[in-house]
Amino acid sequence: MCLTIKKRFDYIVAQKLQLELSKLVSFEPIEVQDIEVIVATDVGYKGSKGVGVAVAYDAEKRREICHVAIVDDIDIPYVPGLLAFREAPLMTGAIKELSARCVDADVVMVNGHGVSHPRKFGIASHIGVVLDKPSIGIAKKLLYGSIVLDDKRREAIVVDGSIVGYVAKNIHGGSVYISVGHRLTPENALIITESVWNKHYPLPDPLYIADNLTKKLRSKIR
DNA sequence: GCGACAG
DNA sequence: ATCTTGTCGC
């Protein structure tokens, strides 16, 4: 039989898929006050293995509710712009597991960009569309787009002439690039993110917890 | 061709 | 992302 014949990652097809799926992204506003559960997701690596974590966070009490982690092989390479094909499976897997075992998310916070992306379909949008959930992209570096001041003098991220997100900083000057993933507005994404961010830390609370969990669990894989 | 390039 | 010891600073 045809054993161990691996096809390599076709980034041309992957890019076309992103262009198609980007048409499904919604910017419809949501009611921020109605958000109770924020689920943050991140991925860590150990050789060819990856650990995907999903952390449920109580937006009102501002504390973790529960979390889950799953491990699997990572066989797609990292290519800027195509991060979702490498990490989204672990993230959606962890989020579904969390939903089945603990609580379902009202909004998902992803470590990576949303529509501040060359094809308007970063990993946060990918996850939002796949799960049909409102989602927010949070990244530590800008991938695509330009920074301009909006009418309220906030630093906005502009792609194709429209605002898709904002830059926010902690008390130490560390930046975070926030963008729409799916089913919310740039302003919704900004408000939600700032409402759960203890700015003494580098990332909004839910993601910071997920990020730390990722590093902690990474050393336990083998 | 050159430089840029999430995690 | 990950590889990595000590070291500067609050």
Side-chain angles (χ1 to χ4, degrees), chain A residues 9 11-12 14-15 17-19 21-22 25 40-55 69-95 108-130 135-147 155 157-160 164-182 186 189 193 199-204 206-222:
Chain A
F9 182 53
Y11 57 88
I12 300 297
Q15 290 180 353
L17 185 57
Q18 289 183 325
L19 283 174
L21 294 178
S22 68
V25 173
T41 185
D42 189 22
V43 167
Y45 301 92
K46 174 81 169 204
S48 62
K49 293 269 191 191
V51 54
V53 310
V55 175
I70 62 175
V71 175
D72 204 354
D73 292 315
I74 296 284
D75 37 33
I76 304 283
Y78 167 67
V79 179
L82 300 177
L83 175 65
F85 295 92
R86 176 174 165 89
E87 297 190 345
L90 273 171
M91 289 178 170
T92 57
I95 294 169
V108 178
M109 196 172 271
V110 182
N111 191 342
H113 291 282
V115 296
S116 46
H117 176 278
R119 288 167 294 282
K120 307 277 286 287
F121 203 69
I123 190 167
S125 299
H126 189 114
I127 286 170
V129 167
V130 167
S135 64
I136 301 170
I138 307 281
K140 300 179 199 68
K141 304 171 193 169
L142 186 64
L143 169 67
Y144 188 76
S146 49
I147 308 300
E155 289 190 280
I157 303 172
V158 171
V159 171
D160 292 344
V164 299
Y166 290 95
V167 183
K169 291 176 166 60
N170 68 7
I171 65 168
H172 294 133
S175 299
V176 127
Y177 298 84
I178 303 162
S179 64
V180 169
H182 185 45
T193 299
K199 294 203 166 179
H200 281 87
Y201 300 127
L203 292 170
L207 258 190
Y208 190 52
I209 294 170
D211 188 56
N212 286 322
L213 201 49
T214 258
K215 289 166 183 162
K216 176 183 168 187
L217 296 178
R218 193 190 75 72
S219 57
K220 297 191 136 193
I221 305 175
R222 52 182 207 99

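Remember, predicted model here, so these are calculated numbers, not experimental data. Convention: sequence-line order gives letters A, B, ...; per-chain numbering from 1. Hydrogens, waters and symmetry mates are skipped; everything else that's a heavy atom, side chains included, is used.
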*Asks:* Round to the nearest Å and state the distance from Arg86(A) atom CZ to dA6(B) atom P.
*Replies:*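 So the CZ-P distance, Arg86(A) to dA6(B), works out to 13 Å.
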*Asks:* Does OP1 or OP2 of dC5(B) have a side-chain N or O of Tyr144(A) closer than 4.0 Å?
*Replies:*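 No, outside the criterion.
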*Asks:* Using atom CD1 of Ile123(A) as one end and atom P of dA6(B) as the other, report the distance to the nearest whole Å.
*Replies:*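 Rounded to whole Å, this separation is 13 Å.
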*Asks:* Using atom CG of Leu90(A) as one end and atom P of dA1(C) as the other, report the distance to the nearest whole Å.
*Replies:*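 From Leu90(A) CG to dA1(C) P: 15 Å.
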*Asks:* Whole angstrom is fine here: how far is it from CD1 in Ile178(A) over to P in dA6(B)?
*Replies:*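 The distance from CD1 of Ile178(A) to P of dA6(B) comes to 18 Å, rounded to the nearest Å.
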*Asks:* Centroid distance below 5.5 Å plus an interplanar angle below 30 degrees: do Tyr177(A) and dA6(B) meet both conditions?
*Replies:*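 No; centroid distance or tilt outside limits.
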*Asks:* Check every strand shown and say whether Gly81(A) touches a base, only sugar-phosphate, or nothing at a heavy-atom separation below 4.0 Å.
*Replies:*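 The residue Gly81(A) makes base contact.
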*Asks:* In whole angstroms, how far is the C1' atom of dG3(B) from the NZ atom of Lys141(A)?
*Replies:*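 To the nearest whole Å, that distance equals 16 Å.
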*Asks:* Please indicate whether Phe9(A) has more than 12 foreign heavy atoms, meaning atoms of other residues, nucleotides or ligands, lying under 6.0 Å from its CZ.
*Replies:*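 Atom CZ in Phe9(A) is crowded, with more than 12 foreign heavy atoms closer than 6.0 Å.
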*Asks:* Can you confirm whether Phe121(A) sits close enough to Gln15(A) that some side-chain heavy atom of one is under 4.5 Å from a side-chain heavy atom of the other?
*Replies:*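 With C-beta onward as the side chain, the pair stays apart.
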*Asks:* Less than 4.0 angstrom between a side-chain N/O of Lys215(A) and OP1 or OP2 of dT2(C), yes or no?
*Replies:*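 The answer is no; no side-chain N or O of Lys215(A) sits under 4.0 Å from OP1 or OP2.
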*Asks:* Is a donor from one side chain sitting under 3.5 angstrom from an acceptor on the other, for Glu87(A) and Tyr45(A)?
*Replies:*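 A pair is found: one side chain offers a donor N or O, the other an acceptor, under 3.5 Å apart.
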*Asks:* Name the nucleic acid region contacted by Lys46(A), choosing base, sugar-phosphate or nothing; use a 4.0 angstrom heavy-atom cut-off, strictly under.
*Replies:*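 No contact at all - Lys46(A) keeps every heavy atom at 4.0 Å or more from the nucleic acid.
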*Asks:* Looking at every strand, decide which applies to Tyr45(A) at a 4.0 Å heavy-atom threshold: base, sugar-phosphate, or nothing.
*Replies:*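 The answer is sugar-phosphate, as Tyr45(A) gets under 4.0 Å only of primed atoms, P, OP1 or OP2.
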*Asks:* So, do Asn111(A) and Lys140(A) sit near enough that their side-chain heavy atoms are less than 4.5 Å apart?
*Replies:*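 Yes - at least one pair of side-chain heavy atoms lies under 4.5 Å apart.
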*Asks:* Can you check the Ile74(A) CD1 to dT2(C) C1' distance for me, whole Å?
*Replies:*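 Ile74(A) atom CD1 is separated from dT2(C) atom C1' by 13 Å.
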*Asks:* Nearest whole Å is fine: how far is dA1(C) C1' from Leu83(A) CG?
*Replies:*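 To the nearest whole Å, that distance equals 9 Å.
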*Asks:* Using a cut-off of strictly less than 4.0 Å, decide whether Arg218(A) has a side-chain nitrogen or oxygen near OP1 or OP2 of dG7(B).
*Replies:*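 Negative; the distance criterion is not met.
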*Asks:* Can you tell which of Ile74(A), Val53(A), Val51(A) makes a side chain to side chain contact (heavy atoms under 4.5 Å, CB included) with Leu90(A)?
*Replies:*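 Only one option passes, and that is Ile74(A).
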*Asks:* Whole angstroms only, please: what is the CG-P distance between Leu203(A) and dA6(B)?
*Replies:*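 After rounding, the gap between these two atoms is 16 Å.
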*Asks:* Categorize Leu82(A) for me: base, sugar-phosphate, or nothing, with a 4.0 angstrom heavy-atom threshold over every strand shown.
*Replies:*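 If one applies the 4.0 Å heavy-atom cut-off, Leu82(A) turns out to touch a base.
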